[in-house]
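Below is one structure, written out as structure tokens, with a few remarks after it.
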Amino acid sequence: MRDIFKALSDPTRRGILELLKEQKLTVSEIAEHFDMSTASVSQHLKILKFNDLIYAERKGKYIYYHLNLSVFEELITWVSKFNN
């Protein structure tokens, strides 16, 4: 889990993840929900992708971003070990 907690500590990145839990989106579609440029959103996506929280899929000329649910499942399993 590279630096997953640092990636999740940013409210913008958490907001992006909230958007992606509903549907796959392009960077420009994500940027519409925030008061920032697509370049800034791309930097947040880069961090999320580096930590395997999302993945990208190219369809034609667009890149769609998706949640990587397996990483969240792994994280939940790890955190639940402390609930004993």
So how far is it from [X] [atom1] to [Y] [atom2], rounded to the nearest 0.5 Å?
{"X": "L17", "Y": "D10", "atom1": "CG", "atom2": "CG", "result": "10.0 Å"}
{"X": "L8", "Y": "I47", "atom1": "CG", "atom2": "CD1", "result": "11.5 Å"}
{"X": "I76", "Y": "K81", "atom1": "CD1", "atom2": "NZ", "result": "13.5 Å"}
{"X": "Y62", "Y": "E29", "atom1": "OH", "atom2": "CD", "result": "8.5 Å"}
{"X": "Y64", "Y": "L25", "atom1": "OH", "atom2": "CG", "result": "9.0 Å"}
{"X": "L53", "Y": "K49", "atom1": "CG", "atom2": "NZ", "result": "13.0 Å"}

Quick check against the 3.5 Å criterion: does [X] have a side-chain atom that pairs as donor or acceptor with the backbone of [Y]?
{"X": "N51", "Y": "D3", "answer": "yes"}
{"X": "S40", "Y": "M36", "answer": "no"}
{"X": "R58", "Y": "I63", "answer": "no"}

Heavy atoms only: give me the nearest [X]-[Y] pair and the separation to one decimal.
{"X": "Y65", "Y": "A56", "value": "CE2-CB, 3.8 Å"}
{"X": "L67", "Y": "F72", "value": "CD2-CE1, 3.9 Å"}
{"X": "L48", "Y": "I16", "value": "CD1-CG2, 3.9 Å"}

Exercise for the section: Could you go through the side chain to side chain contact (heavy atoms under 4.5 Å, CB included) check for F34 and L19 one step at a time? Expected result: CA-CA 11 Å; F34 299 94; L19 290 171; 3.6 Å; yes
Fill in the blank from the handout: Residues passing the salt bridge (Lys or Arg N to Asp or Glu O under 4.0 Å) test with E18, sequence neighbours excluded, are K21
Handout entry: For Y55, side chain to side chain contact (heavy atoms under 4.5 Å, CB included) partners two or more places apart
Key = H66, N68
